[in-house]
Amino acid sequence: MYDFETISSMLMIICSIFGILFAFIFILIVLIHRQCQTLTIFLVLNSTLAGLLANVACISQAIYQLLGVGNDRLCAVRGLLLQAGTGVLYHTLCVQAFYRLFVTVYSTRRYLQTKQFIGLIVLIQWIFSATFGLPILFTGRITYQAGSRICQVSLEDVSFVYFSLVIFFLPLIIIIIIYFQIVQYMKRTPFSTGNRLNTSVNDIRRQSELRLIRRILTLVIILFLLGFPYSLFYLLIHLHIISPWAYMARVSYLFITFGQSASMLINLITTDDVRNCLIDVIRKCSTRENRVQRVNT
């Protein structure tokens with residue numbers, strides 16, 4: 001069983017390292033290239049920062065597990081950061097969904113699309129994401145699980161339902177409702193008009209909206225599927241189908257860590273302007289390397 005502990009911790013570290021790398025590349029590109037500094041990309045950057053924090057929390061926990069550190073003073077705090085890191089990533093996706101709703105369905109209400117208003121929503125989101133787990137921490141619900149050597153809310157504790165709702169299910173329901181409204185609006189209100197120029201512009205706008213919707217929904221689906229085992233274990237335990245297993249937490253967090261790392265890669269390769277800037281940088285580096293080789297030969 002110690003082999004499984006070591007392997008699972010190493011896999012968490014590897015996934016987290018890739019997630020952190022992808023996040024740093026995205027952040028650097030946005031900071032350096034002005035064409036990437038749009039409101040839409042800043043919201044993706046918000047999700048990337050959340051993913052960076054989540055991956056840092058996962059790699060920290062995995063390192064502590066490898067070192068064999070047990071129930072130290074910061075164990076409960078690390079357990080909270082693991083939960084909060086996952087939650088903040090979902091919450092930032094909710095903010096992106098609200099922005100797409102404002103741009104598409106409520107496009108005539110310009111104040112909903114201003115940087116000030118969106119910035120206020122982002123601020124509220126971060127305050128909520130930073131505080132939703134504090135009542136659980138202060139009431140001592142995050143306890144050390146000796147079997148998996150990790151601090152978390154027990155699967156048999158009712159507080160686990162609270163975390164599942166706030167972290168996974170409520171954000172997922174909100175995102176599904178928002179995008180259902182967007183799709184219904186796009187069906188009822190076609191962009192095409194009698195003017196060919198307007199038709200072309202509106203078609204481009206519609207295709208852009210659909211790409212953004214597909215990207216965010218892809219992220220949500222991946223994160224949900226990889227976080228689903230955690231909730232599934234809880235359900236199976238309370239239906240008395242299976243008994244608690246010592247390594248349930250490790251298996252669940254391994255899936256979650258992989259999902260968080262994959263979401264950083266998806267942000268990098270599906271955000272058009274960021275991807276194009278990354279390709280340009282790679283091409284320039286390749287061209288310089290070829291020139292250096294020619295000079296040396």
Side-chain angles (χ1 to χ4, degrees), residues 1-27 48-90 129-130 133-134 136-137 140-157 159-160 163-164 167-168 222-223 225-234 237 242-268:
M1 299 303 284
Y2 282 104
D3 290 339
F4 176 77
E5 291 181 1
T6 303
I7 292 173
S8 62
S9 296
M10 289 300 299
L11 288 175
M12 284 181 64
I13 291 174
I14 292 171
C15 289
S16 297
I17 288 174
F18 278 108
I20 292 170
L21 176 63
F22 297 144
F24 268 123
I25 293 174
F26 188 98
I27 293 169
T48 303
L49 289 172
L52 176 62
L53 293 176
N55 279 285
V56 169
C58 286
I59 196 172
S60 173
Q61 179 60 52
I63 291 173
Y64 269 90
Q65 289 175 340
L66 277 179
L67 295 176
V69 178
N71 189 16
D72 63 325
R73 290 185 297 176
L74 297 177
C75 185
V77 176
R78 291 196 302 273
L80 175 63
L81 290 177
L82 281 175
Q83 303 283 357
T86 305
V88 70
L89 188 53
Y90 277 94
S129 299
L134 293 181
I136 306 298
L137 176 66
R141 299 280 187 169
I142 301 177
T143 57
Y144 180 67
Q145 310 296 318
S148 54
R149 290 194 296 173
I150 189 173
C151 278
Q152 65 165 15
V153 175
S154 173
L155 293 174
E156 300 175 329
D157 194 319
S159 299
F160 183 82
F163 267 153
S164 296
I167 294 173
F168 290 108
I222 289 176
L223 290 172
L225 290 178
L226 295 178
F228 183 73
Y230 208 24
S231 299
L232 179 62
F233 286 147
Y234 174 84
I237 288 173
I242 62 174
S243 57
W245 175 41
Y247 291 97
M248 279 184 177
R250 282 182 175 268
V251 173
S252 300
Y253 280 118
L254 184 59
F255 275 88
I256 291 173
T257 305
F258 181 79
Q260 291 169 347
S261 177
S263 67
M264 296 300 96
L265 177 60
I266 291 173
N267 279 345
L268 187 60

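Side chains are part of it too, since the values below use all heavy atoms of this structure and drop only hydrogens, waters and symmetry mates. Not measured: the values here are computed from a predicted model.
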A.B. asks: Over all heavy atoms of both residues, which pair between N267 and F26 is shortest? Give the atoms and the distance, please.
C.D. replies: O-CE1, 3.4 Å
A.B. asks: Does the side chain to side chain contact (heavy atoms under 4.5 Å, CB included) test come out yes or no for L82 and I256, once each step is laid out?
C.D. replies: CA-CA 10 Å; L82 281 175; I256 291 173; over 6 Å; no
A.B. asks: Nearest 0.5 Å please: distance from the CD1 atom of I59 over to the CD1 atom of I17.
C.D. replies: 4.5 Å
A.B. asks: Starting at CD1 of I14, measure out to CZ of F258 and round the result to the nearest 0.5 Å.
C.D. replies: 12.0 Å
A.B. asks: Show the nearest heavy-atom pair for residues A54 and T86, with the distance to one decimal.
C.D. replies: CB-N, 4.4 Å
A.B. asks: Given the rule in the side chain to side chain contact (heavy atoms under 4.5 Å, CB included) test, do L134 and L80 qualify, once you have shown the distances and angles that lead to the verdict?
C.D. replies: CA-CA 8 Å; L134 293 181; L80 175 63; 4.0 Å; yes
A.B. asks: Any chance you could measure N55, atom CG, to F24, atom CZ, to the nearest 0.5 Å?
C.D. replies: 10.5 Å
A.B. asks: Could you report the tightest heavy-atom contact between L81 and A57, atom names first, then the distance?
C.D. replies: O-CB, 3.9 Å
A.B. asks: Which value, rounded to the nearest 0.5 Å, describes the distance between L254 atom CG and S9 atom OG?
C.D. replies: 9.0 Å
A.B. asks: Nearest heavy-atom pair of C58 and T257: which atoms, and what distance?
C.D. replies: SG-OG1, 3.5 Å
A.B. asks: Return the CE to CG distance between M264 and L89, rounded to the nearest 0.5 Å.
C.D. replies: 5.0 Å
A.B. asks: What's the shortest heavy-atom distance between I27 and L52, and which atoms?
C.D. replies: CD1-CD2, 4.0 Å
A.B. asks: Looking at every heavy atom in both C15 and S261, which two are closest together, and how far apart are they?
C.D. replies: O-OG, 3.0 Å
A.B. asks: Please round to the nearest 0.5 Å and tell me the distance separating atom OG of S60 and atom CE of M12.
C.D. replies: 9.5 Å
